[in-house]
Number of protein chains: 2
Amino acid sequence: MGTPQLTKNQSLVMGALAHSDGPMSAYTILDKLRDHGFRAPLQVYRALDKLLEYGLVHRLESLNAFVACTCPHEHEHDHGVTAFTICEGCGQVTEFHDEAIEERLSSLVRTQNFKTEKTTIEIRGHCKSCA
Amino acid sequence: MGTPQLTKNQSLVMGALAHSDGPMSAYTILDKLRDHGFRAPLQVYRALDKLLEYGLVHRLESLNAFVACTCPHEHEHDHGVTAFTICEGCGQVTEFHDEAIEERLSSLVRTQNFKTEKTTIEIRGHCKSCA
DNA sequence: TCGCACACGTTATAGCATAACGCAATTGAT
DNA sequence: ATCAATTGCGTTATGCTATAACGTGTGCGA
Ligand SMILES: [Zn+2]
Ligand SMILES: [Zn+2]
Ligand SMILES: [Zn+2]
Ligand SMILES: [Zn+2]
């Protein structure tokens with residue numbers, strides 16, 4: 001169960017995100033794709049749902065926006081917990097992963113008898129250039 | 001610079017959140033406070049802004065909702081990084097803090113020369129009762 | 001051929017958040 | 001006391017984010 005062939009709409013949305021230098025809201029994506037026949041938000045949201053499911057795209061909860069995954073590996077398996085730094089100045093988003101945090105969180109949560117389904121870690125601040 | 005005396009609107013919003021058994025959206029708070037004279041979203045959002053600033057309330061980014069802080073200490077100083085488990089079943093939210101995660105994140109971010117302003121950690125899943 | 005799953009298109013609606021205006025009360029110099 | 005600056009408040013209007021509900025078409029296995 002790898003990543004299926006993307007449909008036309010999914011490819012268009014994926015392309016828009018991949019070629020963007022920062023996160024995009026669904027409505028920004030919609031505007032970028034009007035020339036390709038997109039007319040309504042649902043066309044974007046439906047594609048995003050699938051791309052999120054396939055792990056090709058991440059949602060930034062604190063921005064209500066989306067970014068293409070920058071993971072090196074080929075999305076053959078779920079990458080674990082994903083964390084982001086988000087610069088308030090230039091909008092740059094950096095994705096990173098850390099086993100130590102993942103294990104520590106998992107251990108803390110286990111003491112609550114809580115079953116994790118999705119973990120959000122987002123760090124807002126200023127990048128080196130924007131400090 | 002502790003927590004100033006709350007204004008009437010701030011107290012009403014704080015009370016609504018404190019007596020709720022789960023997170024509330026700004027519009028839900030508005031509805032709860034109509035009997036107390038609230039008429040417009042801005043009355044809620046302005047109070048929330050202050051309560052967030054004072055550290056009495058937290059915003060859950062993945063829910064677009066707000067919860068009263070459950071920290072034991074008296075909010076005399078910023079508590080560090082705040083994390084939440086959020087049950088998809090019953091809506092229960094649990095706030096917790098962990099030095100180890102805080103330090104690990106801070107160290108990872110330092111390697112990017114990134115200046116952290118606010119950290120969001122939210123774990124969605126199912127609590128013991130809803131498993 | 002029938003039934004089902006899935007992607008798609010469209011319209012309408014729901015839910016979340018802020019802009020912009022004006023007014024009133026408070027504070028804290030001068 | 002007076003003026004200016006700050007802060008809170010109320011109202012209207014607007015903008016941004018996300019989903020509901022309905023119908024269409026296409027592919028595919030029973
Ligand atoms: Zn990724
Ligand atoms: Zn930057
Ligand atoms: Zn707290
Ligand atoms: Zn639960």
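The analysis underlying the following values was restricted to heavy atoms, covering all of them including side chains, and did not include hydrogens, waters or symmetry mates. Residue numbers start from 1 in every chain, and the chains themselves are labelled A, B, ... in the order their sequence lines are given, proteins ahead of strands.
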Engineer: Quick check on DNA chain D: between B:Ala47 and B:Asn64, whose nearest nucleotide comes earlier from the 5' end?
Structural biologist: B:Ala47
Engineer: What's the CG-P distance between A:Leu42 and D:dA21, to the nearest Å?
Structural biologist: 12 Å
Engineer: If the threshold is 4.0 Å, N to carboxylate O, is there a salt bridge linking B:Glu102 and B:Arg104?
Structural biologist: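 No, B:Glu102 and B:Arg104 are not salt-bridged.
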Engineer: Taking only side-chain N and O atoms of A:Ser25, does any of them lie within less than 4.0 angstrom of OP1 or OP2 on D:dT17?
Structural biologist: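 For D:dT17, OP1 or OP2 has a side-chain N or O of A:Ser25 closer than 4.0 Å.
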Engineer: Below the 4.0 Å mark, does D:dC9 have OP1 or OP2 next to a side-chain nitrogen or oxygen of B:Gln43?
Structural biologist: no
Engineer: Can you tell me which nucleotide in D:dT12, C:dA7, C:dA17 comes closest to the side chain of B:Phe66?
Structural biologist: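 Among the listed nucleotides, the one closest to the side chain of B:Phe66 is C:dA17.
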Engineer: I want to check one thing: is the phosphate of D:dC9, taken as OP1 and OP2, less than 4.0 Å away from some side-chain N or O of B:Thr7?
Structural biologist: yes
Engineer: For B:Arg124, is there any backbone N or O sitting under 3.5 Å from a side-chain donor or acceptor partner on A:Glu117?
Structural biologist: no
Engineer: Please figure out whether B:Tyr27 or A:Phe38 has its closest DNA chain C nucleotide nearer the 5' end.
Structural biologist: A:Phe38
Engineer: At under 4.0 Å between heavy atoms, what does B:Arg46 touch on the DNA or RNA strands: base, sugar-phosphate, or nothing?
Structural biologist: base
Engineer: Looking at A:Lys8, I'd like to know whether one of its side-chain N or O atoms comes within less than 4.0 Å of OP1 or OP2 on C:dC8.
Structural biologist: no
Engineer: From the list D:dG8, C:dT10, C:dA7, which nucleotide is the closest neighbour of the side chain of A:Gln10?
Structural biologist: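 Among the listed nucleotides, the one closest to the side chain of A:Gln10 is C:dA7.
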Engineer: When the distance from CG of A:Asn9 to C1' of C:dT10 is rounded to whole Å, what number comes out?
Structural biologist: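 After rounding, the reported distance stands at 14 Å.
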